[in-house]
K.L.:
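Just dropping this structure here.
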Amino acid sequence: MDKLTKEQRHRCMSAIKGKNTKPELLVRKFLFSRGFRYRLNHPRLPGHPDIVLRKYRTVIFVNGCFWHGHEGCKYYVLPKTNVDFWQNKIERNRKRDLGERQKLASMGWHCITVWECQLKPKVRQQTLRALEYTLCNIFLEDIRIRHYETTEEDPMVAEPDAEYGINS
């Protein structure tokens, strides 16, 4: 049984914010200190990602383990009251998150999800270093140099027209 009345529980739950959370601030401060520049909650992208790194074509979602249903996490425990409501709510959140990631991937964006439990003090530095490593790899992969072979008949090299959307 819940120790709070329905009104008290509603007030507590509605006070939980969705932007500028402590885990999100940790990630943002780390990225900024490492020289990564970003935008917050870009309104034109599906899901309004928490952090958008345009240079890297990467979005970062910083998810709370409870609200987004982090499977196998000790911080994802359903409340004992109103179980059906919470199961449905968290399942809708999961489906919405999956759909948003799929839309972003089809638009050419890399999607990274950082879970709240991965930012706990014991594993925080490992998680943040892994995030930095991943971003650097994405950048290097996206700008890698392409080598072309030329022939004596055709000494010029150009990208195929279809790749740039140019019709011949």
Side-chain angles (χ1 to χ4, degrees), residues 13-73 75-76 78 85-120 123-149 156-168:
M13 296 307 277
S14 65
I16 297 172
K17 54 188 179 168
K19 294 180 184 177
N20 298 325
T21 61
K22 184 178 178 184
E24 188 180 327
L25 291 174
L26 284 169
V27 173
R28 285 169 28 192
K29 285 180 181 180
F30 174 80
L31 290 174
F32 194 86
S33 72
R34 295 292 197 264
F36 294 98
R37 298 302 179 250
Y38 51 82
R39 295 286 176 254
L40 303 177
N41 309 104
H42 197 288
R44 291 187 183 161
L45 292 176
H48 307 285
D50 297 318
I51 300 169
V52 178
L53 298 123
R54 291 178 67 188
K55 178 178 178 180
Y56 301 85
R57 299 266 318 151
T58 301
V59 298
I60 300 173
F61 292 98
V62 183
N63 288 347
C65 295
F66 172 74
W67 296 104
H68 296 270
H70 189 197
E71 284 295 326
C73 178
Y75 299 105
Y76 171 53
L78 283 174
F85 168 79
W86 288 110
Q87 281 179 334
N88 291 335
K89 180 171 184 57
I90 291 170
E91 191 57 36
R92 281 192 318 265
N93 287 350
R94 282 183 182 161
K95 287 180 183 176
R96 185 193 65 228
D97 292 345
L98 179 62
E100 290 165 352
R101 287 194 308 266
Q102 288 173 343
K103 286 178 191 173
L104 287 162
S106 69
M107 295 168 64
W109 289 87
H110 301 277
C111 299
I112 299 174
T113 301
V114 178
W115 291 97
E116 175 185 15
C117 63
Q118 294 172 327
L119 295 171
K120 297 295 181 187
V123 293
R124 181 180 303 155
Q125 287 306 314
Q126 178 184 356
T127 301
L128 294 175
R129 282 193 207 115
L131 177 62
E132 180 181 23
Y133 179 80
T134 302
L135 289 172
C136 290
N137 277 345
I138 287 170
F139 181 72
L140 292 173
E141 187 67 26
D142 285 351
I143 65 161
R144 73 174 178 245
I145 299 172
R146 296 180 182 153
H147 297 284
Y148 302 99
E149 293 184 24
M156 306 251 326
V157 176
E159 293 290 333
D161 294 337
E163 187 171 335
Y164 291 102
I166 302 170
N167 296 329
S168 302

K.L.:
State which residues pass side-chain contact (heavy atoms from CB on, under 4.5 Å) with R96; sequence neighbours excluded, sorted by chain then number.
P.N.:
H68, N93, E100
K.L.:
For W86, what residues pass the ring-ring contact (aromatic ring centres under 6.0 Å, His included) criterion, not counting sequence neighbours?
P.N.:
F66, W67
K.L.:
Nearest 0.5 angstrom please: D97 CG to I90 CD1, how far?
P.N.:
11.5 Å
K.L.:
Using side-chain heavy atoms (C-beta onward) and a distance below 4.5 Å, is R28 in contact with L31?
P.N.:
no
K.L.:
Let me have the donor-acceptor pairs involving side chains of residues 109-118, under 3.5 Å, with sequence neighbours excluded, atom names and distances please.
P.N.:
residue	atom	partner	partner atom	Å
H110	NE2	D142	OD2	3.4
E116	OE1	C65	N	3.2
Q118	OE1	W115	N	2.9

K.L.:
Is there a side-chain contact between K55 and F139 in this structure, where contact means two heavy atoms from C-beta onward sitting under 4.5 Å apart?
P.N.:
yes
K.L.:
Of N41, I60, T58, which is the lone residue that meets side-chain contact (heavy atoms from CB on, under 4.5 Å) with I51?
P.N.:
I60
K.L.:
Among all residues two or more places apart in sequence or in another chain, which pass the side chain to side chain donor-acceptor pair (under 3.5 Å) test with Q126?
P.N.:
none
K.L.:
Does V27 form a side-chain contact (heavy atoms from CB on, under 4.5 Å) with D50? I'd like the steps, not just the answer.
P.N.:
CA-CA 10 Å; V27 173; D50 297 318; over 6 Å; no
K.L.:
Can you sort out the partners of R101 under side chain to side chain donor-acceptor pair (under 3.5 Å), two or more places apart, ordered by chain and number?
P.N.:
none
K.L.:
Please enumerate all residues that pass side-chain contact (heavy atoms from CB on, under 4.5 Å) together with Q102, with sequence neighbours excluded.
P.N.:
L98
K.L.:
Please identify each residue that fulfils side-chain contact (heavy atoms from CB on, under 4.5 Å) with H42, with sequence neighbours left out.
P.N.:
R44, L45, V52
K.L.:
Tell me whether R94 at atom CZ has more than 12 heavy atoms from other residues, nucleotides or ligands lying less than 6.0 Å away.
P.N.:
yes
K.L.:
Check this for me, if you would: do E141 and R57 make a salt bridge, where the nitrogen-to-carboxylate-oxygen distance has to be below 4.0 angstrom?
P.N.:
no
K.L.:
Which residues pass the side chain to side chain donor-acceptor pair (under 3.5 Å) test with R34, sequence neighbours left out?
P.N.:
E132
K.L.:
Could you pull out all residues at least two apart from K29 that satisfy side-chain contact (heavy atoms from CB on, under 4.5 Å)?
P.N.:
none
K.L.:
Which pairs, with at least one residue in residues 13-32 and sequence neighbours excluded, count as a ring pair (Phe, Tyr, Trp, His ring centres under 6.0 Å)?
P.N.:
none
K.L.:
For F36, give me all partners under ring-ring contact (aromatic ring centres under 6.0 Å, His included), at least two apart in sequence or on another chain.
P.N.:
Y56
K.L.:
Is there a side-chain contact between L78 and Q87 in this structure, where contact means two heavy atoms from C-beta onward sitting under 4.5 Å apart?
P.N.:
yes
K.L.:
Once rounded to the nearest 0.5 Å, what's the spacing between atom CZ of R129 and atom OG1 of T134?
P.N.:
13.5 Å
